[in-house]
Amino acid sequence: MSRIDLHLHTTHSDGSLPPADVLALAAKAHVTALAITDHDIVTGIPEAAAAGAEFGIDVIPGVEISSFNGKSELHILGYYLNWQDPTFSGRLATLRTSRHRRNPLVIERLRALGLDVTYEEVRQLAGTESVGRPHIAQLLMKKNYVTSAKDAFDRYLAEGRLAYVARELPTPAEAIAWIKEAGGVPVLAHPMWTKETGDGLRALVTTLKETGLGGIEVHYSTHTKPQTNQYLDLAKKLDLLVTGGSDFHGLTKPDIDVGIGRGGLKVPEKLLRPLKEAAGRT
Ligand SMILES: [Zn+2]
Ligand SMILES: [Zn+2]
């Protein structure tokens, strides 16, 4: 029952486990090849590759870049990229700075609304430099300003709410171009998140293909069977590669397991060769 998993997060971004632990779980799940696709960062790759050599798992260098097309946030995965490329590393560093600028601004807005919270408190609670909105939600809960994380997002943190601050994101065309310039294959992550279906989705993906998109993440932990079939059909029609992965995050998404997602995920090994060929790696 061997399988592959081309979408995994580690402690290098917002996952809860270090790369070596993710590889150990992959070995248990009979995963033969995987890609570490941390958000806007590639520093987990060397540790993953070393553990991969130990477990006999093929580790494909990857990344996941958040972009915005003016309407919705689109995540672009990159595979087989020259992750040590200095231009590419510089671009990722800029993206991370923009992410870090956002959270102190959210705190400022909350303070302006009269809530007694500081950025230092959020950072202590997070225990890492990689502070996110879930950590701010935790602090609001701790201080009894909200009743749950959902309440925090509904009242303050979600798009359009009282303390929402938009991130400065690249366009999908930029994310795609950066991945291609680093020798990688750009793939649209979890198309269900685009909230587009039918003709709308087809138009969106066609536009992305015109800017260099190479594939679609057809197999995904939370895609339903009809969604998977729809994306598979679209990939065929537009002559795009098919990929798949769990989007494992560890404790931050406790219902998703490495390799099998919610239990029913199985990304076929045969998808790897065309991806590798597209990157010119064979
Ligand atoms: Zn994503
Ligand atoms: Zn992801």
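Counting convention: from 1, in listed order, for ligands and their atoms alike.
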Handout entry: Minimum side-chain heavy-atom gap L240-V242 below 4.5 Å
Key =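 Not touching, per the 4.5 Å side-chain cut-off.
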
Handout entry: Non-hydrogen side-chain atoms of I41 and L92 separated by less than 4.5 Å
Key =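 In short, these two side chains do not touch, never coming nearer than 4.5 Å.
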
Problem - Partner residues of K71 under the salt bridge (Lys or Arg N to Asp or Glu O under 4.0 Å) criterion, sequence neighbours left out - result: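 Partners of K71 by the salt bridge (Lys or Arg N to Asp or Glu O under 4.0 Å) criterion, ordered by chain and then number, come out as E196.
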
Handout entry: Note: K195-E73 ion pair, threshold 4.0 Å (strictly below)
Key =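 A salt bridge is absent here (no side-chain N lies under 4.0 Å from a carboxylate O).
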
Handout entry: Under-4.0 Å salt bridge between K143 and E121
Key =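 Looking at K143 and E121, the cut-off is met.
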
Practice task
For R102 and R133, run side-chain contact (heavy atoms from CB on, under 4.5 Å): C-alpha distance rounded to whole Å, both residues' side-chain angles, the deciding distance at 0.1 Å, then the answer.
Solution key: CA-CA 10 Å; R102 174 202 217 185; R133 282 184 298 169; 3.5 Å; yes

Practice task
Please report the number of protein N, O or S atoms that lie less than 2.8 Å from the Zn ion (ligand 1).
Solution key: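 The number of such protein atoms is 3.
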
